[in-house]
Amino acid sequence: MKISLQWLNQYVDLSDVPAEKIADALPMIGLEVEEVLSAGLVPLEHIVVGKILSFVPHTNSDHLSVCQVDVGDGVIRQIVCGAKNFKANDVVPVALPGAVMPGGFAINETTMRGEVSQGMMCSGRELGLNDDHGGLLIMTDRDLALGTPINDCFPPADTVFDISITANRGDCLSHVGVARDLAAYFNKTLKNPVAGADRKAPSGNASNAFLSVSLETPNCALYTARTIRGVKIAPSPEWMQRDLLAAGMRPINNVVDITNWVMAELGSPLHAFDAATIGGNTIKIRQAVEGEKIKLLDGKECTLTADMCVIADAEKPMVVAGVMGGENSGVTDATTDVVLEAAWFDPGSVRKTSRALAVSTDSSTRFTRDVDPTLVDVAGARAAQLICELAGGTLEGEPVALGAFPRADRTIEISGDYVRARCGYAVEDAAILDIFKRLGFGVEDKGNSCWSVLVPAFRPEVDRPIDLVEEFVRIYGTDTIPSEAIAAPNTVDADAQSAQFTRKAANLLAGRGFAECVHYTLRDSAEVKKCFGEKMTDALALANPLTSDQSHIRPSLIPGLLDALRLNLSAHNEPRRFFEIGRVFRPDRTGALREVVSVAFVVLAEPTTRSWKSREKLDVFFAKKLCTEIAAAAGVAEQRLLFGAPDTEQTPLWQKGHSALATDRARALTIELGLIDAKLALSWDISETVIAGEVLLLQDAFKNPPKRARFKAFSTFPPVARDLALVVDESVPAGEIADRLKATANKAASKQFLVEKVNCFDVYRGKGLPEGKKSLAFEIVFRSETKTLTDAEVGKVFDKIQVDIERAAKCTVRR
Amino acid sequence: MQQQLANIVSEASSAAPAIKTRPEFEVFKAGLVGSKGSMTAVMKLMGSIPKEEKPAMGKLINEAKQKLEAIFAETLARIEDAELAAKLGEPIDPSLPSPDDFAGMRHPLSQIREEVCGIFHRLGFTIAEGPELETEWFCFDALNTPANHPARDMQDTLFLPADTKATDAPKKADEAYLLRSHTSSVQIRTMLSRKPPIRIVAPGRCFRRDTVDATHSANFHQIEGLWIDKNVTLKDLKSVLDSFVREVFGNAAETRLRPSFFPFTEPSFEMDIRVPNMGALSNRWLEIMGCGLVDPKVLENVGLDANEWSGLAFGMGIERIAMLVHGIDDIRHFYANDLRFLRQFA
């Protein structure tokens, strides 16, 4: 909202305060200044009034003229000019050599296509006066002496503050409102133009000789209408046009300008109808009929819904209440009788309508911020009086005034101690009371530093003692709040376990050479579908996505990481390893969404960098190792994980036969890892082999605090190792045999010594083995806690293992 | 015999340099001092020489043996050196680049998040987390945001379909699910799940239904702060935030609290900073976070007595802080993950 300093000065005398100081003060009382602008003519030197005595076309140009100009100093100057809108003897602004235009352009004597030019004649825009660049600023009919400095021909420049008003400060959507806050801040007197006005409740008068009004909806609490007859529509006076232009509004005609001017002065929107257009001389404030249409002032055709409020005549809606008037009921040059509306519409209703129609106006902005209901009739009376004065009409009949004040003044009980307790620093009672009074609040002293504070209706949001504390701090100055050492008693609390885990996981991966990425949560439905299938896609759709490529919440971090690989491959950044940590979403078996903490990574099997020395390429087991380390960081040991193959039909993301799925027994942690499906990777333009892993943790994984490690003593005696090869069916997982072998070995060695390790160190297929079989070679490590084991002791147990394992698992010992 | 010994030593001495490997050495050594070695043969003759010559002979033999031992030791040392050299390979050229093509790094948003959380950790604030997929009550109602508030519009906030069930964000009643528009919802879940005093920071991802451009992003990150205790005051708010600003932006940073409006704090402020050494943004007031005292209505909504407890809260955008600290001019860089960007903050 634009606030003109000259206009503001009518309500609070700020003439002794520099504009910069006001611009600095406004944000500190909660009125954010977006921009400080200048309206009108800034001081300009060497620009004077001149007369064009004669002119001829430039011989070397088809658009320039060569003019002889008199600026009253006895010298006739020749000036070359490109404008076309003048005639001989026109009076215009002339910038003489030495002048500097508002844009910084310096005027010198020059030669233009062979003709001397001793200055420049100016347009309104070149002077910074207005936006008119249609030609020279013609001042012929103003009777100005030649040579008069241009600044003497126009009012001085105005400072305009473009202020952004927060939702709670509807009272400051007016010059009087801003003046009130500045008066309080600078401790000056507010000169309220309607200070003495009678804020009477609506009379209940529903009709007069010219009009009958029915109020049929609760979305309008208060409605007043005045009839003014015999107006003469003309331009509004110059001072009013100036004010409006400074406040960013376009002058239209006297009646419309008055409604806008009073709105910008007091904050209460008004609407003027051409009385002749009101069918049946009847006004109905009602809800729109579903599907009803109206063509708005700006030419836009709108279809209304039943939750929108309209001002209608006997037949049709004329105005979308509080938002915008219709094309056919407004004041035109032919209007003679005016119906002036001042009303209070429900803020929520106006907001919804304004948003639904995508129409935001000065009026809707104010209504949505809850205008002062006690000011509605006052504003109507003030505008009616101005119309009578400036457009020559007469107010006829009694005003119509229906409804009731939706809210009124309030009283808040507060004590000085309460204010001090919230502030935390010393402040005198007198200082607090002074500020309440400066803000226009009434204060009644109840003794004992307790007060009853009367808050007028123009401040709807000041309701409770804490709101008064804010008012006090705002005006007393936030710069008075001291900054001191902080007392921070221990709350005996730890970081959330999920936060501790993600920090560990991130450091682990960054330490392994992975670059951390951050991608958007919202993904394209086609992408989710191609990676995770249709069922997952259906479960993750948003109700109201903004765009179709951001329609689904992500089930995995891996597609984002593939984006990172693609981007960095195409940029020749030599990418290799990326990771991301974040929340992903998965439906459970019942269809309920789970918010899952995910740690995911991708790595190219081979480097994209050329090097003088080659390294061994990576494979899926690199991912397995990383995933189990990440699981360990979450407190899930590798031996608690059950690894199997994922259903690649359901999750086409993974390459069949080269991927794995694991969960812990509690199913709180899931690991997915393997090669990214080669064809899918190609759809990301990635032809390289991509290894990936994702560790997914439900909130359940963070329920129990991590266990502290308990020390266990270890053996001081040497280990003894034995190797054993088992022949099994090709389809049998090595892990399954290893588990059986571990159990068998433990049983065989029980009570004698420990089986420290059972490790598969070789997988063999081919010569010497039948078709469809493979040989798994295991190393079994034994150790005693009490002595050095002998060959005989170990041999006996090892023999038993060889016999037992053939019974325990479907395998034969290879001898 | 003396001659014999001299010959053995001199032959051994001249043969030794040609010995290159350990097996050759063993053969060489056995040929001299093995059971059938030439030196052994000479020593066997000791028994047959006259008694009076034995001391002199013995001395000669000992001298010869010592010479051979020295040759063996020298040869072995040479072989060991050669073996080590073979094992080590050619000397390296330290000016060659490492063939390892990876260097790990944290994302700048993570670095800033951890830095900020670390600063508040020292003031006794611990990290709390809450769901990104929230309910309308926790995101708005409990935070004193009225039903007709613009932020609750379908145009500004992303909602989930009406039949959505979400296990990790229990509902208050039958409100809708949405993607949280701020981390302030964590205030509510924290206050409902534990008793004051509370001092938390809640970093996390938030969502707005916004078109992506240089300053807007479909999701972004915030750090929320909350301190609930008896007698938490404006002075505490100013002191805590001033201390934070000095740590991140240096001792020369100035701050100001500019009155503003949030439904869940009263009074509400925007904190601005002015820093002398921040490139094009030097010596200008820059908004960095919203803050205020916790609105009594919010305390009531979570069942805390506003006469007994009071609190302060603040919320800042991690992207915003990172952009100021590093001079980044486009928020989209954070989400593109171009290595040329990420490597600058490694």
Pairwise distance OG1(B/Thr211) to CD(A/Gln550) - rounded to 0.5 angstrom: 9.0 Å
Chain A contact via B/Asp163 - which portion, at a heavy-atom distance below 4.5 Å: neither
Under 3.5 Å donor-acceptor, A/Asn568 side chain and B/Asn337 backbone: yes
B/Thr167 portion near chain A, given a 4.5 angstrom heavy-atom threshold: both
Donor-acceptor under 3.5 Å (B/Arg209 side chain, A/Pro545 main chain): yes
Proximal component of B/Arg122, with respect to chain A [non-hydrogen, under 4.5 Å]: neither
Any residue of residues 108-120 of chain B which, by heavy atoms, sits under 4.5 Å from chain A: B/Leu109, B/Ser110, B/Glu114
Pairwise side-chain contact, A/Thr547 with B/Val212, heavy-atom cut-off 4.5 Å (strictly under): no
Contacting moiety of B/Ala103, where chain A heavy atoms sit under 4.5 Å: backbone
N/O donor-acceptor pair under 3.5 Å between A/Thr478 side chain and B/Leu257 backbone: yes
Expected output: side-chain B/Glu129 to main-chain A/Ser498 donor-acceptor under 3.5 Å: no
Gap separating the NE2 atom of B/His107 from the CZ atom of A/Phe578, nearest 0.5 angstrom: 11.0 Å
Proximity of residues 263-272 of chain B to chain A, residues having a non-hydrogen atom under 4.5 angstrom: B/Glu266, B/Pro267, B/Ser268, B/Phe269
Which atoms of B/Leu293 approach chain A - backbone, side chain, both or neither, heavy atom under 4.5 Å: side chain
Heavy-atom pair count under 4.5 Å with chain B, highest-scoring of A/Arg351, A/Arg615, A/Arg474, A/Glu580: A/Arg351
Contact class of B/Ala128 relative to chain A, heavy atoms under 4.5 angstrom: backbone
Any donor-acceptor N/O pair, B/Asp236 side chain to A/Ile486 backbone, under 3.5 Å: no
A/Ile553 vs B/Leu160 side-chain heavy atoms within contact, under 4.5 Å: yes
Interchain contact, B/Leu237 with chain A, by part (heavy-atom threshold 4.5 Å): neither
Carboxylate-amine/guanidinium contact B/Asp100 A/Arg576, below 4.0 Å: no
Electrostatic pair A/Arg355-B/Asp156, nearest N-O below 4.0 angstrom: yes
Atom group of B/Phe207 that falls short of 4.5 Å from chain A, counting heavy atoms: side chain
A/Ala421, part contacting chain B, at a heavy-atom distance under 4.5 Å: backbone
A/Asn168 (side chain) donor-acceptor with B/Phe261 (main chain) under 3.5 angstrom: no
Distance-only polar pair, side chains of A/Asn507 and B/Arg106, donor-acceptor under 3.5 Å: yes
Segment of A/Thr608 engaging chain B (4.5 angstrom heavy-atom cut-off): backbone
CG-CG distance between B/Asp338 and A/Asn573, expressed to the nearest 0.5 angstrom: 4.5 Å
Under 4.5 Å from any heavy atom of chain A - which part of B/Trp285: neither
Proximal component of B/Leu158, with respect to chain A [non-hydrogen, under 4.5 Å]: both
B/Pro97 side chain near A/Trp612 side chain, heavy-atom distance below 4.5 Å: yes
Within-4.5 Å side-chain heavy-atom neighbours: A/Arg422 and B/Leu234: no
Side chain, backbone, both or neither of B/Ser260 within contact of chain A (heavy atoms, under 4.5 Å): both
Proximity breakdown for B/Phe334 and chain A, heavy-atom pairs closer than 4.5 Å: backbone
Chi angles and distances behind the salt bridge (charged side-chain N to carboxylate O under 4.0 Å, His left out) call for A/Arg464, B/Asp295: CA-CA 11 Å; A/Arg464 306 163 298 170; B/Asp295 194 293; 2.6 Å; yes
